[in-house]
Number of protein chains: 2
Amino acid sequence: MSEKLTIGKLASATGTKVETIRYYEQIGLLPAPARSTGNYRTYEGEHLRRLSFIRRARDLGFSIDQVRELMGLADRREQSCMAVDVIANQHRDAITRKIADLTALAGELDALIDSCSRNTVADCRIIEALGPSDPC
Amino acid sequence: MSEKLTIGKLASATGTKVETIRYYEQIGLLPAPARSTGNYRTYEGEHLRRLSFIRRARDLGFSIDQVRELMGLADRREQSCMAVDVIANQHRDAITRKIADLTALAGELDALIDSCSRNTVADCRIIEALGPSDPC
DNA sequence: CTTGACCCTCTAGCGACTAGAGGGTGCATA
DNA sequence: TATGCACCCTCTAGTCGCTAGAGGGTCAAG
């Protein structure tokens with residue numbers, strides 16, 4: 001039940017890099033585990049649970065600060081989960097904006113690329129479009 | 001014709017921050033200008049032209065390295081602009097991938113948010129979905 | 001002559017890791 | 001017992017593209 005894990009095992013169990021785990025400990029996202037006689041970190045099931053949570057939230061694009069907040073909320077189990085909903089929705093909105101921005105960008109780039117006649121740089125419409133109105 | 005510009009004028013003329021211009025000089029993206037007696041940078045029309053090019057390319061999402069490459073290509077005016085086309089298309093592809101990734105993410109988040117019944121954290125499906133299979 | 005807007009250099013910080021140097025630990029095998 | 005190798009440790013610096021701040025100098029107007 002209470003299996004001990006080395007950092008390497010925890011890393012492969014969660015799909016995280018060893019360095020990233022040490023980084024999470026350093027910034028206080030993952031609690032520091034006990035140490036073995038040889039000064040090796042020894043993780044418990046709880047660490048595995050927390051790190052899995054972190055990984056999934058990060059994979060969904062939540063920032064470290066958002067993850068910290070979500071974990072704080074997850075620990076107050078009797079409270080309303082409205083705050084959780086708020087964070088998720090904020091994140092969803094940010095992604096919506098990013099998609100819109102990138103789509104607009106893609107449109108501009110497409111127009112640029114379509115205009116390229118693949119001749120010399122001197123009459124390349126891409127370079128021209130990037131440069132100032134000066135025809136040089 | 002050959003108007004001299006202070007860094008502040010160049011900044012407002014191109015919509016760039018003063019610090020950013022100094023940064024571009026530091027990394028060798030914008031050539032170092034002459035200095036006045038009081039050690040002020042004095043920019044010429046050519047600098048304005050180059051910085052405008054940089055700004056537009058950056059606004060289109062090209063990386064600094066890509067901008068460097070594009071500027072190098074723009075200077076070899078007699079050569080084929082195929083290389084320019086390649087860079088633009090690589091960038092376009094990267095954006096396409098980003099949009100696809102974000103769209104998939106948005107779908108996952110939507111499913112998560114829809115499942116929230118707005119009760120207590122203890123039975124919040126968002127927290128549950130983030131956590132491990134352990135029902136705790 | 002003083003005020004205030006501008007300029008200078010240098011250094012450190014952001015987010016979220018990643019990479020590397022330089023060294024210690026632990027286990028299996030010869 | 002020795003040796004090899006995979007793994008672990010700490011500490012520091014690098015990535016990208018800026019941004020912010022400290023601590024100071026310059027210049028033109030009033």
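Note that this is a predicted model, so its numbers are computed, not measured. In the text below, chain A, chain B and the rest are named by the order of the sequence lines, each starting its count at 1.
For the pair T6(A) and E19(B), nearest-nucleotide mapping onto DNA chain D gives the more 5' position to T6(A). Each of R22(B) and R55(B) was matched to the nucleotide of DNA chain D holding its nearest heavy atom; the match closer to the 5' end belongs to R55(B).
Atom-to-atom, CD1 of I27(B) to P of dC16(D) comes out at 10 Å; the value is rounded to the nearest Å. With rounding to whole Å, K9(A) atom NZ is found 10 Å from dC7(D) atom C1'.
Across all strands shown, R58(B) has heavy atoms under 4.0 Å from sugar-phosphate atoms exclusively, and none from any base. Across all strands shown, I7(B) has heavy atoms under 4.0 Å from sugar-phosphate atoms exclusively, and none from any base.
Taking CD1 from I7(B) and CD from E19(B), the interatomic distance works out to 8.0 Å, rounded to the nearest 0.5 Å.
In the hydrophobic clustering of this structure, L130(B) groups with M71(A); members are Ile, Leu, Val, Met, Phe, Trp, Tyr whose side-chain heavy atoms approach within less than 4.5 Å, directly or through other members.
Remark on the helix from dC1(C)-dG30(D) to dA30(C)-dT1(D): inter-end axis angle 30°, axes from five-pair C1' superpositions, rounded to 10°.
E25(B) is listed as a side-chain neighbour of R41(B), based on a closest heavy-atom distance under 4.5 Å. You'll find the side chain of P31(A) reaches within 4.5 Å of the side chain of H47(A), heavy atoms only. R22(A) places a side-chain heavy atom less than 4.5 Å from the side chain of V18(A). Looking at I21(B) and Y43(B), their side chains come closer than 4.5 Å, going by heavy atoms from C-beta outward. Side-chain contact between I127(A) and F53(B) is present, with heavy atoms from C-beta onward closer than 4.5 Å.
Listed by residue number, the members of residues 28-41 of chain B with any heavy atom below 4.0 angstrom from DNA chain C are R35(B), N39(B), Y40(B), R41(B). A heavy atom lying under 4.0 Å from DNA chain D marks the following residues of residues 59-67 of chain B, by number: S63(B), I64(B).
Nearest heavy atoms, R58(A) versus V67(A): CD-CG2, 4.0 Å. Residues L112(B) and L60(A) come closest through the heavy atom pair CD2-CD1, 4.0 Å.
Of all nucleotides in DNA chain C having an atom under 4.0 Å from a heavy atom of chain B, the first and last in 5' to 3' order are dC6(C) to dT9(C).
Here V86(B) pairs with Q90(B) under the side chain to side chain contact (heavy atoms under 4.5 Å, CB included) rule; sequence neighbours left out. Partners of Q66(B) according to the side chain to side chain contact (heavy atoms under 4.5 Å, CB included) rule, which considers only residues two or more places apart in sequence or in another chain, are F62(B), S63(B), I87(B), H91(B).
Within the 4.0 Å cut-off from OP1 or OP2 of dC18(D), not a single side-chain nitrogen or oxygen of T20(B) is found.
Counted by atom type alone, R92(B) and T96(B) present one or more donor-acceptor pairs between their side chains at under 3.5 Å.
Salt-bridge formation is not detected for the pair D101(B)/K98(A): no Lys NZ or Arg NE/NH1/NH2 atom is positioned less than 4.0 Å from an Asp or Glu carboxylate oxygen.
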